[in-house]
Asker: 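Okay, handing you the structure first.
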Amino acid sequence: MAFEIDIGFDSRSGKREVNEDFAAAMLPEPGQEGMGAIVAIADGVSMGGMGREAAQTTVTSLVRDYFATPETWDTTVALDRIIAAQNAWLAGVNRRRHPVCGLTTLTAVVLRGQSWALAHVGDTRAYLLRDGLLTQLTHDHAMDHPDFQHQLLRAVGAEDRLVVDYHQGELQVGDVFVLVSDGIHGVLTPRQMAKLPMDSAQAASELLVQQALQAGTRDNATALVVRVRGLLDASLNDENRRALELPIPGRLRVGDTIDGLTVTALVADNGINVLYQVRDSATRRLFALKTLNPQRAHDAEERAMLAHEAWLARSMRSGRAADYLVGLAQLQGHSPTAFYLLYEWHAGETLQQALDHKRRLTLNQCLTAATHVARALGRLHQQGVIHRDIKPANLHQGEDGVLRLLDLGVALSGREPQATRLLHAGTPSYINPEQWGLHAQGGEGVVQPPDAGSDLFALGVTLYQLLTGGKLPYGEVLPYQSGRYFRDPVAPSRHNPEVPIWLDHVVLKAVARDRRQRFETAEEMLLALERGASRPLTAPAPTPLIQRDPTAVWKIALAISVLLNVLLVYWLLFLPK
């Protein structure tokens with residue numbers, strides 16, 4: 001469903017000569033939809049006529065600067081940084097203008113993804129109308145006394161350090177947010193406001209102001225109404241919030257039920273994540289349920305990583321890469337009581353299972369798989385996503401004939417948790433030399449982070465393995481070992497005579513020790529696979545011994561030295577003088 005909101009605004013000076021209230025709303029520019037929308041209202045405090053200026057500058061800077069903050073920031077962090085900067089500026093201005101100064105209240109709401117975030121200072125108010133019930137979201141920072149009820153305890157610009165109230169919650173279609181100044185909530189009760197029709201945000205805001213004026217308000221009357229008519233997919237913040245709020249399911253056995261899903265099989269358990277096959281009791285459809293191992297239930301980093309996987313899978317669902325990934329399931333009326341991911345279930349097997357059962361793929365099947373994965377990686381890389389774990393075990397051949405990529409658990413998107421970014425992820429035998437700190441000239445160097453080239457190297461290793469029936473170009477690397485790249489790989493045709501020379505060249509280029517000899521993009525590799533023998537690649541040049549092993553010269557020198565010393569000893573001891 002597309003993100004859709006209806007915004008209405010009305011403001012009147014009432015019995016006062018000057019209207020010192022100010023309100024604004026701003027929607028995202030194309031390409032910034034993930035930032036959501038922001039609305040804010042402020043009530044300036046009259047001290048020498050600067051209240052209007054304080055309210056206007058505070059609201060304007062907030063709604064404009066919000067969209068200049070990084071999308072990776074949490075909403076409350078972005079709001080806090082902007083409000084703190086505005087407060088520092090306004091407090092400095094007030095010190096220079098004293099006793100003429102301007103203060104203001106501030107109430108702002110950000111609607112982002114499937115959640116809302118609120119920032120509040122002063123006595124403007126925000127209400128949430130949901131299912132006919134009006135709930136006040138803010139607390140007035142004012143004197144709790146009838147004679148001093150307009151005396152503020154907190155205001156923007158009053159002091160160098162400002163304490164702001166922040167609240168967050170889940171967003172639902174049909175929610176109505178009502179932001180009002182004290183000229184309205186001072187004369188209208190929540191029950192009166194809840195009875196007003198909210199079918200149109202603009203009509204509702206005008207009606208609120210009109211009702212306040214008729215009730216005899218002596219202050220400025222301003223109302224800002226926001227109706228939520230449609231939601232975006234869950235944002236990363238939404239997923240992180242759910243990951244922290246919902247419990248991790250306990251160990252499930254076959255026959256156990258969770259949220260109407262019956263466990264039919266335990267598919268995998270690697271000690272961190274557990275994968276079950278489950279059946280929906282209503283539709284009888286099969287799904288894959290992925291969650292954390294119960295022993296990892298209190299690991300906040302693992303929760304964040306699984307939340308990132310959920311967000312990334314949902315983000316890819318409507319993109320160009322959707323056809324190449326196993327999609328998250330969408331169940332009507334499904335409200336999970338625990339934190340888990342529910343994927344579509346596809347019958348079939350992974351390519352690793354085919355290798356384990358000694359079923360060698362035909363040459364056409366290997367080419368089709370490699371072409372499909374290269375195209376999928378191209379789509380992922382175009383969206384800034386690095387898979388990081390391409391291997392036969394993560395390539396699933398469905399009974400419907402579609403090859404799909406599995407497991408985005410360690411993928412990089414630019415918004416992944418720090419634990420994911422720092423993790424030396426992937427399967428050791430498929431990791432490119434740069435991630436081990438090995439460079440083209442041989443020896444050890446700076447460890448390079450994974451990039452698109454890392455996925456292409458892993459695809460090259462995977463294709464080599466499929467063509468040769470399970471052999472690896474540089475041998476198997478166990479989890480506690482580092483990669484070994486002391487020799488150039490043997491051509492696949494040496495293990496499988498059916499492999500043509502042109503394909504030898506493609507595979508050897510993909511897994512070359514020197515990254516400068518490899519494919520730079522997935523599209524380049526895809527083109528080489530599709531052209532085949534019609535426009536074959538040249539064979540990669542063999543790596544000189546000095547690059548494969550920088551100590552080779554010293555080893556050779558040592559061997560020659562030892563040989564000369566042996567000959568000298570032999571001559572001294574046995575040859576006639």
Side-chain angles (χ1 to χ4, degrees), residues 234 236 238-254 256-259 261-279 286-317 325-329 334 336-346 348-353 380 385-396 404-413 415-431 450 458 479:
L236 182 55
D238 297 328
E239 297 294 353
N240 285 330
R241 190 185 73 251
R242 292 172 184 171
L244 294 175
E245 291 177 351
L246 295 175
I248 299 298
R251 178 71 64 177
L252 300 176
R253 296 180 175 84
V254 175
D256 288 349
T257 300
I258 178 172
D259 298 333
L261 303 168
T262 303
V263 178
T264 56
L266 171 64
V267 179
D269 182 358
N270 61 7
I272 299 176
N273 296 309
V274 186
L275 188 67
Y276 302 97
Q277 183 193 63
V278 296
R279 186 185 298 276
L286 289 174
F287 299 97
L289 187 150
K290 183 176 182 179
T291 187
L292 290 179
N293 188 298
Q295 296 180 350
R296 300 274 184 162
H298 301 290
D299 192 326
E301 290 184 347
E302 295 292 351
R303 282 178 178 254
M305 291 172 65
L306 192 59
H308 175 260
E309 179 182 350
W311 170 77
L312 188 57
R314 286 193 173 91
S315 300
M316 296 294 104
R317 187 171 57 198
L325 302 171
V326 177
L328 285 179
H334 181 74
T337 59
F339 180 51
Y340 56 81
L341 278 59
L342 199 63
Y343 285 101
E344 299 286 352
W345 179 267
H346 297 280
E349 64 177 2
T350 66
L351 299 188
Q352 184 61 54
Q353 289 173 323
L380 288 176
V385 177
I386 309 299
H387 188 280
R388 278 215 296 182
D389 201 14
I390 297 295
K391 59 182 179 181
N394 283 334
L395 304 178
H396 184 273
R404 297 178 176 88
L405 273 64
L406 305 178
D407 196 1
L408 293 172
V410 294
L412 301 181
S413 66
R415 300 190 62 188
E416 67 282 345
Q418 186 177 12
T420 304
R421 193 178 310 116
L422 298 178
L423 184 67
H424 196 263
T427 304
S429 299
Y430 302 82
I431 293 178

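Residues: numbered from 1 along the sequence shown. Since the structure is predicted, the reported quantities are computational estimates derived from the model, not experimental observations.
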Asker: Could you go step by step and tell me if I272 and D299 meet the side-chain contact (heavy atoms from CB on, under 4.5 Å) rule?
Answerer: CA-CA 10 Å; I272 299 176; D299 192 326; over 6 Å; no
Asker: For the residue pair L342 and V278, establish whether any side-chain heavy-atom pair is separated by less than 4.5 Å.
Answerer: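 Yes. Closest side-chain heavy atoms under 4.5 Å.
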Asker: Measure the CG-OG1 distance between L252 and T291 for me, rounded to the nearest 0.5 Å.
Answerer: 8.0 Å
Asker: L246 vs T337, test: side-chain contact (heavy atoms from CB on, under 4.5 Å). Steps then yes/no.
Answerer: CA-CA 7 Å; L246 295 175; T337 59; 5.9 Å; no
Asker: Any chance the side chains of N394 and T350 put a donor and an acceptor closer than 3.5 Å?
Answerer: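 Not at all, the side chains of N394 and T350 share no donor-acceptor pair under 3.5 Å.
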Asker: Show your reasoning for whether side-chain contact (heavy atoms from CB on, under 4.5 Å) applies to L395 and L405.
Answerer: CA-CA 5 Å; L395 304 178; L405 273 64; 4.1 Å; yes
Asker: With sequence neighbours left out, write down each residue that passes salt bridge (Lys or Arg N to Asp or Glu O under 4.0 Å) with D259, or none if nothing qualifies.
Answerer: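 Per chain and number, D259 pairs via salt bridge (Lys or Arg N to Asp or Glu O under 4.0 Å) with no residue.
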Asker: Would you say CD of E349 has more than 12 non-hydrogen atoms from neighbouring residues, nucleotides or ligands within 6.0 angstrom?
Answerer: yes
Asker: Mind running side-chain contact (heavy atoms from CB on, under 4.5 Å) on V326 and H346 for me, showing each step along the way?
Answerer: CA-CA 8 Å; V326 177; H346 297 280; 4.1 Å; yes
Asker: Provide the closest heavy-atom pair for L275 versus A288 in the form atom of the first, atom of the second, distance.
Answerer: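 Here L275 and A288 meet closest at CD1-CB, 4.1 Å.
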Asker: Heavy-atom count around E301 CD within 6.0 Å, excluding the residue itself: above 12?
Answerer: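 For E301, atom CD is not crowded (no more than 12 foreign heavy atoms under 6.0 Å).
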Asker: Kindly indicate whether the side chain of T427, heavy atoms from C-beta on, has any atom under 4.5 Å from the side chain of D389.
Answerer: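 The answer is yes, as the side chains (C-beta and beyond) meet within the 4.5 Å cut-off.
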Asker: Testing the basics here: between A243 and A307, what is the closest heavy-atom pair and its distance to 0.1 Å?
Answerer: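 Heavy atoms only, the tightest pair is CB-CB, 3.9 Å.
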Asker: Taking the side chain as everything from C-beta on, heavy atoms only, tell me whether L306 gets closer than 4.5 Å to K290.
Answerer: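 Answer yes - side chains close enough.
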Asker: Can you find a heavy atom in the side chain of Y340 that is under 4.5 Å from one in the side chain of I258?
Answerer: yes
Asker: As an exercise, state the distance from CG of L312 to CG of L408, rounded to the nearest 0.5 Å.
Answerer: 5.0 Å
Asker: Can you tell me how far CE of M305 sits from CD of E416, rounded to the nearest 0.5 angstrom?
Answerer: 10.0 Å
Asker: Which heavy atom of V274 sits nearest a heavy atom of R251, and at what distance?
Answerer: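 Here V274 and R251 meet closest at CG2-NH1, 4.2 Å.
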Asker: Looking at every heavy atom in both P249 and F339, which two are closest together, and how far apart are they?
Answerer: CD-O, 3.6 Å
Asker: Could you state the interatomic distance from CG (N273) to CD (E309), rounded to the nearest 0.5 Å?
Answerer: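 If we round to the nearest 0.5 Å, N273:CG and E309:CD are 7.0 Å apart.
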Asker: Let me confirm one number: the NE2-CG distance from H308 to N240, rounded to the nearest 0.5 Å.
Answerer: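 H308 atom NE2 to N240 atom CG measures 9.5 Å (nearest 0.5 Å).
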Asker: Could you give the distance from OG1 (T262) to CG (D256), rounded to the nearest 0.5 Å?
Answerer: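 The OG1 atom of T262 sits 9.0 Å away from the CG atom of D256.
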Asker: Do you know the tightest heavy-atom contact between L286 and W345?
Answerer: O-CB, 3.2 Å
Asker: Which pair of non-hydrogen atoms, one from L328 and one from E344, has the smallest distance, and what is that distance?
Answerer: O-OE2, 4.3 Å
